[in-house]
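For reference, the structure is listed below as structure tokens.
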Amino acid sequence: PEDRVGITVKFFIGNVKESVNQFKDIEGMIKAEADKNNDIARLDLDEAYLNLTRKTLSLVTWAKENDYRNLVKVDDDSFLRLENLILFLKAKQEPEKMYGG
């Protein structure tokens, strides 16, 4: 969803392996979240540590295909200070294209 400053938050999720415990429950929760908030983008790759580079390339491709000019990738072990990001973008007068992560 996009807020008033033009920032869209998306969660990028690959394929969950059917062998994962509670596979159907996990997929159901992902679908429910996507339907409710439109904040999930599914990528055509398996969710796995060894696919992290491929996942990053896939989300950059997704952003380009969906006409995003800027992209900030934040992992679940990171904290984004959104106020500082907004100040940075305003100070730089919105760069033509930017990737941060």
Side-chain angles (χ1 to χ4, degrees):
E2 187 172 312
D3 71 11
R4 58 186 163 77
V5 294
I7 293 175
T8 304
V9 176
K10 292 282 186 186
F11 298 92
F12 293 86
I13 302 173
N15 302 315
V16 179
K17 294 181 182 180
E18 289 187 36
S19 62
V20 170
N21 288 338
Q22 301 174 328
F23 165 77
K24 289 183 181 180
D25 292 338
I26 293 169
E27 283 295 328
M29 289 186 284
I30 292 170
K31 182 176 179 346
E33 173 69 21
D35 291 346
K36 179 181 177 186
N37 296 306
N38 192 31
D39 60 353
I40 303 278
R42 297 304 296 261
L43 301 174
D44 187 23
L45 54 88
D46 288 337
E47 273 298 328
Y49 179 77
L50 293 176
N51 277 343
L52 289 179
T53 300
R54 186 169 170 221
K55 187 174 186 179
T56 299
L57 292 172
S58 294
L59 72 92
V60 169
T61 300
W62 182 94
K64 183 178 180 189
E65 289 173 351
N66 288 276
D67 297 322
Y68 285 86
R69 292 188 350 237
N70 301 310
L71 173 66
V72 176
K73 178 182 162 293
V74 181
D75 290 324
D76 61 354
D77 60 352
S78 302
F79 180 77
L80 175 65
R81 304 250 343 221
L82 192 54
E83 306 83 26
N84 290 349
L85 175 63
I86 292 167
L87 290 173
F88 170 78
L89 291 172
K90 286 182 178 179
K92 297 292 182 186
Q93 299 176 347
E94 292 200 34
E96 185 177 320
K97 292 183 180 178
M98 182 194 83
Y99 167 79

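What you see is a predicted model, and the numbers here were worked out from it, not measured in a lab.
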Check the hydrophobic clustering (I, L, V, M, F, W, Y; side-chain heavy atoms under 4.5 Å; chains of links allowed) and say if V72 and L82 are grouped together. yes
Can a donor-acceptor pair be found, under 3.5 Å and without considering hydrogens, that links the side chain of K55 to the backbone of F12? yes
Hphob cluster co-occupancy, V20 + F11, side-chain heavy atoms under 4.5 angstrom: yes
For N21, I'd like to know if atom CG has over 12 heavy atoms of other residues, nucleotides or ligands within 6.0 Å. no
Working to the nearest 0.5 Å, report the span between CG of L80 and CG of D75. 11.5 Å
Let me check something: do L45 and L52 share a hydrophobic cluster, defined by ILVMFWY side-chain heavy atoms less than 4.5 Å apart, either directly or through other members? no
Does D35 have more than 12 heavy atoms from other residues, nucleotides or ligands lying within 6.0 Å of its CG? yes
Reported OG1-to-CG distance for the pair T56 and L71, which is rounded to 0.5 angstrom: 9.0 Å
Looking at every non-hydrogen atom in both residues, tell me the closest pair between R42 and V16 and how far apart they are. NH2-N, 4.2 Å
Any chain of hydrophobic side-chain contacts (each under 4.5 Å) joining L43 to L57? no
Would you name the heavy atoms of N51 and D46 that are closest together and state the gap between them? ND2-O, 2.8 Å
Where K10 and N38 come nearest, the two heavy atoms and their spacing: NZ-O, 2.8 Å
Applying the 4.5 Å side-chain criterion to the ILVMFWY set and letting contacts propagate, would I40 and F23 be lumped into a single cluster? yes
Under a 3.5 Å distance rule, please check whether K31 uses its side chain to pair with a backbone N or O of I26 as donor and acceptor. no
